[in-house]
Structure formats: structure tokens, C-alpha cells
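Input: a single structure, listed below in C-alpha cells.
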Amino acid sequence: MNRLLPPSHRLPGFILAHAALLAGACFMLLPFVWMLLTAIRAPDEILTGGLNPIPRSFHAVENFSGALAQAPLLNFMLNGAIVCAGILVVQLIVAIPAAYALAKLRFRARGLLFALVIAGLCVPIQVPALPLYLALAEFNLLDSYFAMMLPFFLSVFAIFLFRQTFKTFPDEIIHAARVDGVGEFEILWRIVVPSAFPAIAAFSIFSIVAHWNDLYWPMIVIQRLEYAPPPLGMLFFTSSESGASYGVLMAGATIITAPLVIVFLIARRRFVQGITMTGIK
Amino acid sequence: MTIASASAPFPPAAKRQGFRLSGEALGTLFAVPALLLITALILAPLVCLLALSLTDYEIGAVSIRWLGLGNFEKALSDPVFRRSIGNTLLYVALVLPGGVFLGLLVAVLVHGRKRSRGFYEVAYFLPVTSTLIAMAAVWQFLLHPKLGPINSALKSLGFAERAFISEPELLIPTLAAIGLWNLIGFNMVLFLAGLAAIPRDLYDAAEIDGAGGPVNRFLTVTWPQLAPTTMFVAVTTSITSFKVFDTVAVLTRGRDGSEVLLYAIYLEGFQYFKMGYSAALTVIFLVFMLVFSVFQAFQLDRRVHY
Amino acid sequence: MLFGLTLGAISKAFGTTRVLDRVSLTVEPGEFVSLVGPSGCGKSTLLRIIAGLERQDDGTVSIGSRVVDALSPRQRNIAMVFQNYALYPHMSAFENIALPLSVGRLSLPERLPLLKYLSPRRARIMREIANEVEAVAGQLKIEALLARKPGQLSGGQRQRVALARAMVRQPSLFLMDEPLSNLDAQLRVHMRDELTDLHARLGATFVYVTHDQIEAMTMSSRVAMLDQGRLAQFGTPIELYDRPATLAVATFIGSPAINVLAAHSDARGAVAIAGRASGLHVHALPDQALSLCVRPEHLRLARPGETPQLLARLRRNEHYGAERLLHFDLAGDSARSVIVRLAHDENAALGGASETAIGLAFEPQHAHLFNAEGLRVEALGHGTSYRTAAQ
């Protein structure tokens with residue numbers, strides 16, 4: 001009877017698999033659980049250390065208000081949102097037409113563009129960072145949203161991904177649209193783009209997660225706290241250890257981490273789909 | 001029927017613009033913004049970088065001297081830089097096998113679950129979405145010698161407590177463990193996609209051919225079928241771990257024992273403003289990345305289809 | 001209003017491959033013309049040139065009396081139905097059908113998200129469009145499907161939506177590119193019927209591309225066959241069947257295919273097949289290799305006492321109910337086989353079947369002769385005489 005079931009459902013294997021997965025899950029979730037527990041603990045209880053998971057007194061209000069008072073956390077997140085939105089919009093506006101041209105149009109520069117895109121895939125942001133920093137400094141553009149966004153306006157990865165997607169779009173439908181009198185720009189934005197929605201959504205998630213969490217570039221171009229995105233803000237926050245107790249720090253970490261985690265819990269399928277489609281972190 | 005223009009043979013030419021862009025003009029028009037940005041954001045900086053790497057340029061310096069390959073010679077004989085290369089490679093050597101193996105293991109186990117699959121997916125994936133900087137601060141607290149629960153647990157089990165974030169020889173392993181924590185869920189999702197693509201009949205055939213049981217099934221079907229996914233995951237993991245920076249910036253600030261390549265570039269270029277030297281280090285970094293990335297670009301070409 | 005179509009010496013090459021070579025033809029207003037030919041003959045390219053999706057290297061396209069070479073597809077006011085239907089995947093059936101109208105009647109801002117609500121006349125135009133879409137949907141009996149997306153429709157339903165999108169514009173010309181080839185066999189026969197009805201009802205001019213000679217034969221008023229980029233023959237289906245102008249036309253039209261036999265004319269022009277007299281003469285072409293073609297229904301078993309034109313061994317006997325097909329291997333040339341088509345009740349004395357060679361015969365006036373270039377050659381010995389069909 002047992003042989004008819006998939007092997008993983010046979011009892012010993014079933015228990016073993018769950019035991020292994022649960023142990024792993026504990027390791028994965030430990031920081032989150034401890035972060036939340038510490039964020040609601042009183043300072044004296046934290047200082048005694050120990051393994052007691054249940055806080056003796058509820059200190060959440062003090063910790064969270066303390067975190068918000070000590071660092072402009074909401075401002076960091078607003079900065080993050082502005083930067084992510086600006087980057088994404090320009091990336092899409094630049095990449096979609098280029099990808100469409102690569103996938104569906106014949107023109108002389110096509111081979112050159114495609115070669116550059118492929119080559120660009122091999123160059124991480126840390127490589128052009130230095131010259132771009134010098135250029136921004138030259139034009140007095142450091143410490144601005146623009147400085148944070150500039151290197152990411154072009155995503156060769158987006159061009160590549162969209163090209164692959166557009167290539168699968170039937171030529172016939174484009175011809176039908178031309179016969180129906182739809183102009184070339186409209187064909188792209190009203191007919192091709194909507195049908196590539198899964199790829200565009202996947203890329204958008206990839207782009208937002210990457211730039212919301214990016215530390216390297218903001219750390220280079222931003223000195224002033226009022227422009228700091230969440231990771232950089234968090235870095236200032238942790239280093240100004242002066243008064244910040246661990247309870248307050250954990251409350252701050254909770255606030256910074258919450259937006260993406262909440263979005264992930266809501267749109268889990270899209271996240272997973274996005275990663276399997278792009279395969280890049 | 002009703003609309004005159006619909007039954008006339010040709011709509012008035014003025015109504016819709018008469019011009020039609022040829023493929024050549026339209027394609028060029030669509031490609032120009034991307035070409036300009038590639039030039040401005042990748043090609044030109046790359047040329048500058050190569051030029052800078054041959055000079056002793058520093059911000060605020062009065063004169064620039066041509067050094068030729070001097071920066072590279074200096075880097076290769078600099079013990080700190082050599083340590084940072086060594087540490088980075090050690091970090092990759094720890095994260096790469098661990099990330100691939102554990103990602104695969106978790107994926108295979110999760111793949112067999114029905115009702116609990118959603119929970120495990122969320123649990124393992126959560127670290128990927130969370131902001132690493134914030135979570136690094138949490139890890140710092142978890143690993144705190146006095147206040148952290150991990151040391152408390154060690155103590156209650158009778159072990160000596162360890163200062164994970166200050167003992168030099170523990171730094172890279174600690175960073176690698178956090179790196180793994182951050183990465184496993186991501187690799188799990190890639191492997192799950194690979195597993196979903198394996199046709200069911202292969203397992204049936206294996207069962208009929210006598211290769212039943214979890215181990216046999218894994219060896220005859222799962223593992224060979226996942227080979228391309230595994231290659232891809234391995235390359236992606238190498239690239240990600242080679243770029244380790246965030247946890248170093250928060251936890252150790254590159255202090256003794258935790259020097260890594262990107263942090264060295266950051267320090268030389270943007271803290272000490274030795275642009276020429278930092279550019280040379282970047283070129284070395286780029287060479288490493290190219291080796292990984294060329295691999296990846298080739299695989300992407302085969303991968304992105306759905 | 002009805003419009004005809006005139007093609008004047010259309011040529012087109014892709015790189016060094018010539019796909020169309022001086023194709024000229026005239027489609028009368030209200031006609032149903034099929035473009036047929038084997039794949040790669042250039043028929044789809046020709047259709048796309050008529051549509052304005054492709055530009056010809058040479059020659060002119062006229063719709064009605066107007067040369068349309070400089071006009072965009074939209075300006076030509078043609079409608080096109082595609083092989084894979086080419087429905088916009090993210091739009092409902094209604095939106096698909098309405099698109100050609102909204103593009104024509106609304107300005108660009110009126111079609112943009114949000115901005116469109118600013119236009120005072122938009123609501124009225126959209127109502128008109130909706131009425132027309134529903135009228136067309138009613139004609140094709142797809143009113144109930146208008147809210148669905150293409151992904152939720154079956155092949156036949158998608159085909160109807162594609163037709164509705166073509167009809168709603170009341171175009172001067174309908175172009176169809178193998179519209180039935182993706183349907184299953186039964187539905188294809190049914191849609192053939194519906195298209196013929198539709199053509200009769202609309203009275204519009206249809207140009208229909210297909211590689212299926214049965215579709216071309218059954219639906220069209222005239223058939224244009226293309227062969228290697230050239231117009232091989234243009235005429236009614238029966239003309240193509242009864243008097244093929246080239247060997248390619250003869251072999252392409254008709255199912256089962258026409259029997260092609262290697263023949264030879266002697267010094268006096270008498271045509272023989274494998275040394276046996278055929279009863280045909282070509283005085284103008286002595287001593288030549290020829291192809292002699294006979295349709296399966298014109299081939300019969302030789303009567304007792306008659307001198308057969310062919311000797312063959314029976315290989316297979318297929319019953320189709322109303323008719324039967326006898327497959328023979330030619331004696332002395334087993335590589336060549338011929339098919340004889342007999343009515344169900346026709347008796348055939350097949351004797352000892354495959355052991356002995358059986359004599360086959362045909363009436364000389366039913367045979368078609370083609371020269372080495374594949375062009376039709378007129379033979380004497382018929383009652384009638386045809387002109388040599390130069391292309």
C-alpha cells in the first residue's frame with residue numbers, strides 16, 4: 001500500500017523531512033523572531049542576556065517611539081521609495097523600446113546594441129562607480145536623489161530580459177495591428193507591453209528589491225542624512241551607538257525591514273516567479 | 001452602414017499621419033536612448049577607470065603622475081590587499097558549496113510537501129527580501145558575546161562563549177554563515193523551479209526500472225535533470241558572494257581578519273580618496289567578475305524563456 | 001461600394017532569393033480569389049505586399065482605380081485575417097473587434113489611459129462603436145463571447161472574432177492568410193461553408209491564401225496558382241483542373257494527385273509511354289522527353305481486346321465507400337506507380353491480382369502533355385485543340 005504513495009510520504013521519511021526542514025526554518029527565522037522579541041523588551045531585561053523568549057514586560061511603545069525619535073526612519077523609507085520609483089520608471093522607459101527594437105525591428109545598429117548589452121551584463125555597478133563618482137562630484141551633484149539614481153537608469157539586464165520576452169510575441173499580431181491602423185509607438189505600448197506584463201512585473205520586483213536594499217552606491221554618493229535610503233540610514237543608526245539601546249535598535253530594524261517583507265507576504269507568487277524568470281539577485 | 005468614411009475606400013490622408021517609419025529609422029530611434037546611456041554609464045566610465053588605474057590620481061592632488069602598472073605592482077605586494085583577496089576567496093569557498101548544497105537539499109525536501117509547502121517557502125525566503133543591513137544589525141546582537149542568545153545557548157550547553165565578531169579567525173566564517181542565511185532561500189526558489197520542470201513520467205519510468213526509493217530517484221532522475229539549474233545556481237552564488245560588502249560594512253568595517261575586496265576598493269577610493277590605486281583594485285575586481293559573468297551571460301541566453 | 005484589385009508585375013526579392021517574379025493579376029470587384037501553391041511559392045509574401053506590410057521591389061498594387069503603393073496598411077482600407085488569428089491577447093473579444101474603429105475615430109489622447117476621460121465626445125463615439133461591434137458579432141453569432149479574452153476562446157471562436165475584427169471596418173478588400181489551417185478537420189469543413197456564405201452575404205472582394213487546394217477549389221470564383229514566385233495559372237477552379245497550364249498546376253490541383261508518366265515523342269511526333277503507343281501526337285515536337293498526365297478517374301482497366309497504353313501490377317486496393325482507388329506499379333518501372341479511381345459499383349476484373357500485369361487504358365483527349373520545362377503542350381488526336389499555354 002505504501003508503495004503507491006510518493007516516497008516522501010512514507011512515514012519515516014516524512015518525519016525526517018519535516019524534522020530537517022523545521023530545524024532549518026528555525027535558523028532562518030531566528031533573527032526575525034529575536035528582533036521582534038527584543039523590540040518589545042525593556043532595556044534592563046536585554047542587558048541581562050539570557051535565552052528567555054517571553055519578555056517579562058511589554059516595552060514596545062517606548063522602543064518604537066524611541067527608534068523613530070532617534071533616527072528619521074520614515075524619511076529614510078520615503079527616500080528609498082523615491083529612488084526606487086525614479087530608477088524603475090527610467091529603466092522601463094529606456095529598456096522597453098530598445099528591447100523591442102532588438103527583438104522585432106531590423107536596423108543597422110542592432111548587432112552593436114546587442115553586443116553591448118551582453119557585455120554590459122558582465123559589468124557590475126562597482127566597476128563604473130569610481131568614474132561616475134568623480135563626474136558627479138565635478139558637476140556638484142553628490143548628495144542628491146539624482147546621484148543615487150543615475151548609474152541605474154540603464155539596466156542592460158532589463159533590455160536582455162524584455163528582448164527574450166518580446167521575441168516570443170507573434171509577428172502576426174504586430175502585422176494585424178498595422179493593418180488596423182495602430183501607429184508604431186502605440187503597437188509597442190498598447191499591444192506588446194501589456195502582453196509582456198509577467199516579465200515586466202518580475203523585473204520591477206527585482207529592481208525594487210535590489211535598489212531598496214542597495215548600500216554600496218548610496219554609501220559613496222550620500223553624506224547627508226536627509227537623502228539616506230533605508231540601508232544607509234540603518235548604517236548611520238547602528239553606528240551612532242551613543243544612546244541607542246538594543247531594544248530601540250531592533251525596533252528600528254523592524255521598521256526598516258517591514259515594508260519589503262509585507263509586500264513579499266502579499267505578492268509571494270510574483271516574487272517567486274520573478275526570481276525564476278530573472279535568476280539574478 | 002452609417003459612417004461615411006468607413007465605406008469609402010480610403011480615409012482622408014490628413015486624418016492619420018501619412019508617414020510610416022521604416023524599420024531602420026524606428027529601430028534606431030528606439031535604440032538611441034539605450035545606446036547613449038550605455039556609453040555614458042558603462043563604456044566611458046570603463047575607459048576612465050582603465051586610465052585612472054595607471055595614475056596616482058587623488059582627489060585634491062595638484063598633479064597627476066603616470067605610473068604605468070605601478071598601482072598593480074603595489075597592490076599585488078600589499079599584504080592588506082592580498083589578505084582581502086584571500087578572505088574574499090575563502091568567503092566564496094565557504095558560501096558556494098554550502099549555498100548550492102543546502103539550497104538543493106531544502107528545495108528537494110520542500111518540493112515533496114503539500115500542505116506545509118507555503119510555510120516553508122516563506123520561512124526560507126524571508127531572509128532574501130529583508131534588508132540585509134537591518135538584519136546584519138540583528139545578527140550583531142544575536143552574536144553579542146554577553147547579550148546575545150547564541151552565546152547564552154552555548155554557555156548553557158557547557159561551551160565557552162565566543163566573540164564571533166571580534167576574533168579575527170572567526171570573522172569570515174561568521175560572515176559566511178550570515179551570507180548563507182541570506183542566500184539559501186533564493187537558491188531554493190531556483191531549484192524548486194528546476195524541480196517543477198522535471199517531467200513526472202521520468203520518475204514513473206525510474207520506478208518501473210527498479211530505481212525506486214528517495215535516494216535512487218534522486219540519483220537517477222533529479223540530480224541529472226537539475227544539472228543545468230545547478231550550474232546556474234553555482235555561478236550566481238559565486239558572483240553574489242564575491243561581491244560581499246554589506247555585512248562587512250555593518251559588522252566589522254573591514255577590521256583585521258575581515259578585509260574583503262569590495263570593502264578595500266571602497267576604503268581606498270572613497271575614504272582615503274586614492275582614486276588611482278582604487279581604480280587599479282577595481283580593474284582586478286573586474287577581471288574576477290568577468291570570469292564568472294561570461295559564464296553567466298552564456299547561461300542566461302539559454303535560460304530566460306518561459 | 002465594391003473595389004477590385006490589380007497587381008501589375010509585382011517582383012520581390014529577399015537578399016538574393018527571388019520570391020516573386022513579375023506577378024500580374026486582376027481581381028474583379030466582389031470576387032473570391034484564392035492564391036494557392038506549395039509552401040515557399042511566395043503567396044503569403046504577395047498577400048503581405050497587397051496589405052502594405054511588405055514593400056515590393058517593383059510593380060504596382062492598385063485597389064479600385066487607385067495606386068496604393070505609397071499608402072500604409074490602414075490607408076489602404078483593407079482587412080486581414082491571419083493564420084493564428086493574431087488577436088491581441090490582453091484585450092477582450094469586444095476590445096479586439098473595436099480596436100480598428102477606435103483607432104480610426106478617436107484621436108491619440110482619447111485613447112490614452114486617464115486622459116481619455118477628458119474628451120466630451122468620447123462617450124458618444126464609444127457608444128457608436130459598441131453598436132457596430134455588436135451588429136457584427138450578431139452576424140457571426142459571437143455576442144455571448146464578447147467579454148472573454150482570446151485565451152478563453154476555442155479555435156473556431158477565435159477565428160470568428162478575427163473575422164469580426166476584419167468585417168467591422170467594412171473594408172474595401174478582405175485578405176485572408178490561411179485562416180483555416182489551425183482548425184481541426186471537421187471545423188475546417190464547417191468554416192469553409194461559413195466563409196463562402198459570408199462572402200455571398202457581404203458581397204465583398206476576398207483574396208484568400210491557402211496551401212490546401214481543396215479550399216481553393218471549393219470556395220473561390222477564381223484561383224491563382226503561384227509556383228516558385230511566378231503566376232503559373234489564373235482561372236476558375238474547373239479550368240485549373242481540366243486544363244492545367246503547367247505540370248506544377250496539374251500535380252498540385254486534384255486529390256488523389258494526377259498520374260504523371262514519363263513519355264517520349266518519336267521522330268514523327270507520336271507519343272509513347274515505356275515503348276507503348278499512347279494515341280497522342282505532337283508534330284511540332286519530335287523526339288522529345290515529355291510528361292504525360294492522366295487523372296485517376298480517367299484511367300481504367302483495358303477492355304478485353306483493347307490494346308492497353310500501360311501495363312501494371314496491382315499493389316493495393318483501397319475502398320472509400322463511394323469510390324475505390326487501385327494502386328498499380330508500372331511494369332518494368334516499379335518506382336513509378338499510378339492510381340486508378342473507380343466508382344463503387346464499377347466492376348473491375350482484377351484476375352490473379354498481383355502476379356500478372358494488367359492492362360490500363362485512357363482516352364487520349366483526357367491526357368495532358370507537358371514539355372521538359374513543364375509547360376503545357378497541345379497534342380493532336382484529341383477532338384479539341386488548345387493553344388499552347390505559355391505562362
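Side-chain atoms of A:Ile191 and C:Met91, non-hydrogen and from C-beta on, do get closer than 4.5 Å to each other. In this structure the side chain of A:Asp180 never reaches within 4.5 angstrom of the side chain of C:Val103, judged on heavy atoms. Looking at heavy atoms from C-beta onward, C:Pro100 lies out of side-chain contact with A:Val182 at the 4.5 angstrom threshold. Using a 4.5 Å heavy-atom threshold, the side chains of A:Pro170 and C:Phe82 count as separate. Residues A:Ile187 and C:Tyr88 form no side-chain contact, since every pair of their non-hydrogen atoms from C-beta on lies 4.5 Å or further apart.
Proximity of a side-chain donor or acceptor of C:Arg74 to a complementary backbone N or O of A:Val179 within less than 3.5 Å is not detected. Distance alone, capped at 3.5 Å, places no donor-acceptor pair between the A:His175 side chain and the C:Ala51 backbone.
Looking at A:Phe197, there are no atoms closer than 4.5 Å to chain C (heavy atoms on both sides), in backbone or side chain. Contact annotation for C:Leu87: only backbone heavy atoms (N, CA, C, O) come within less than 4.5 Å of a heavy atom of chain A. For C:Ala79, the part sitting under 4.5 Å from any heavy atom of chain A is the backbone (N, CA, C, O) and nothing else.
Atoms CD and CE, from A:Glu172 and C:Met80 in turn, are 7.5 Å apart once rounded to the nearest 0.5 Å. Atom CZ of C:Arg48 is separated from atom CZ of A:Arg178 by 9.0 Å, given to the nearest 0.5 angstrom.
More than 12 heavy atoms of other residues, nucleotides or ligands sit less than 6.0 Å from atom CZ of C:Arg121.
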